[in-house]
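Down below is the structure, laid out as structure tokens.
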Amino acid sequence: MNPKTLLGLAAGGLLLWFLMGKKKLAKATTFSMEKIGFDIKGKKIKLTLGANNPTGSSATLNSLVGALFIKGNQVSSVESFTKVKILPNAKSLITLDLKPSLVGIFATAKLLLSKGGTKALDATFVGNADVNGLIIPIKTKLN
């Protein structure tokens, strides 16, 4: 075999290995809703998501888009294009500032102040994340 053919096969093998690693990471990475807070002065909801990476490779969250639902009603949407490093074999926290609609501000504040606090919210986050160029769907509830 000539050297160019060997070099081409080696490059193809490395590319395949790289793509399989990205696919493995995408299948293994999950998201969880960790915490919801409310900044009355700033009129925004602070949402903390956890990016759980059980692989030995670090990853980069390139972007994240989604919507927060409380008791089945959408109160806010979010688009984040800030890169976040997801550490290997760890949970990396991602804090998002959501600007709710006027109705969403009052409804959320009322629920947060009611008996039960954040546990009474029945909050769900639905969206998509770009992790290392692969799109990962997200659907998580506040526990």
Side-chain angles (χ1 to χ4, degrees), residues 4-143:
K4 285 185 180 180
T5 303
L6 286 174
L7 187 59
L9 286 173
L14 282 173
L15 178 62
L16 183 62
W17 176 76
F18 175 73
L19 291 175
M20 286 176 53
K22 285 179 83 172
K23 185 176 179 182
K24 178 182 170 188
L25 176 66
K27 282 185 176 181
T29 302
T30 60
F31 288 85
S32 58
M33 191 181 319
E34 298 296 317
K35 168 169 86 165
I36 293 180
F38 192 69
D39 179 0
I40 295 173
K41 189 185 251 186
K43 298 177 186 165
K44 58 186 168 187
I45 297 171
K46 293 258 195 204
L47 175 65
T48 303
L49 296 176
N52 307 296
N53 179 2
T55 69
S57 302
S58 64
T60 302
L61 173 71
N62 296 311
S63 61
L64 186 142
V65 296
L68 178 66
F69 294 85
I70 298 197
K71 296 201 181 221
N73 298 312
Q74 183 177 340
V75 294
S76 183
S77 61
V78 65
E79 301 87 25
S80 175
F81 301 101
T82 303
K83 292 183 187 259
V84 176
K85 185 168 183 135
I86 302 173
L87 301 174
N89 296 312
K91 179 188 292 188
S92 300
L93 297 179
I94 303 154
T95 302
L96 304 167
D97 290 335
L98 287 74
K99 288 279 192 180
S101 64
L102 190 58
V103 173
I105 290 172
F106 292 117
T108 306
K110 181 180 172 186
L111 287 167
L112 280 171
L113 296 172
S114 71
K115 188 176 179 181
T118 57
K119 294 294 182 191
L121 284 180
D122 186 23
T124 304
F125 182 81
V126 179
N128 290 296
D130 174 341
V131 177
N132 281 0
L134 296 172
I135 305 304
I136 299 174
I138 302 170
K139 185 172 184 180
T140 181
K141 287 182 155 281
L142 184 63
N143 293 326

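Numbering of residues begins at 1 and proceeds along the displayed sequence.
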| remark: Heavy atoms of S92 and L87 approach each other most closely as OG-N, 3.0 Å
| remark: Taken to the nearest 0.5 Å, the spacing of T30 OG1 from I138 CD1 works out to 10.0 Å
| request: Verify, without hydrogens or angle tests, whether T140 (side chain) and F125 (backbone) share a donor-acceptor contact under 3.5 angstrom. | output: no
| field | Side-chain heavy-atom pair V78, L47 within 4.5 angstrom cut-off | value | no
| query | Considering only heavy atoms from C-beta outward, does the side chain of L68 approach that of I36 to under 4.5 Å? | reply | yes
| Nearest atoms (heavy-atom pairs only) where A51 meets F31 | CB-CE2, 3.7 Å
| request: For residues E34 and L49, report the shortest heavy-atom separation together with the two atoms involved. | output: CG-C, 4.1 Å
| request: Write down the atom of L98, the atom of S77, and the distance for their closest heavy-atom approach. | output: CG-O, 4.5 Å
| task | Tell me, please, which residues at least two apart from K85 pass salt bridge (charged side-chain N to carboxylate O under 4.0 Å, His left out). | result | none
| said: As an exercise, state the distance from CG of L142 to OG1 of T48, rounded to the nearest 0.5 Å. | reply: 10.5 Å
| query | Which residues satisfy the salt bridge (charged side-chain N to carboxylate O under 4.0 Å, His left out) test with D97, sequence neighbours excluded? | reply | K44, K46
| field | Closest non-hydrogen atom pair between P137 and I135, with its separation | value | CD-O, 4.0 Å
| said: Any heavy-atom pair between the side chains of S57 and P88 that's under 4.5 Å? | reply: no
| field | Reported CD1-to-NZ distance for the pair I86 and K91, which is rounded to 0.5 angstrom | value | 13.0 Å
| Who passes salt bridge (charged side-chain N to carboxylate O under 4.0 Å, His left out) against K35, sequence neighbours left out? | none
| query | Where is the tightest heavy-atom contact between S63 and F81, given as atom of each residue plus distance? | reply | CB-CD2, 3.5 Å
| query | Can T55 and N53 be said to form a side-chain hydrogen bond (donor to acceptor under 3.5 Å, both in side chains), step by step? | reply | CA-CA 6 Å; T55 69; N53 179 2; 2.6 Å; yes
| request: Output the distance between atom CD (E79) and atom CG (L96), rounded to the nearest 0.5 Å. | output: 10.5 Å
| remark: Value for CD1 (I94) from CG (L64), rounded to nearest 0.5 Å, stands at 6.5 Å
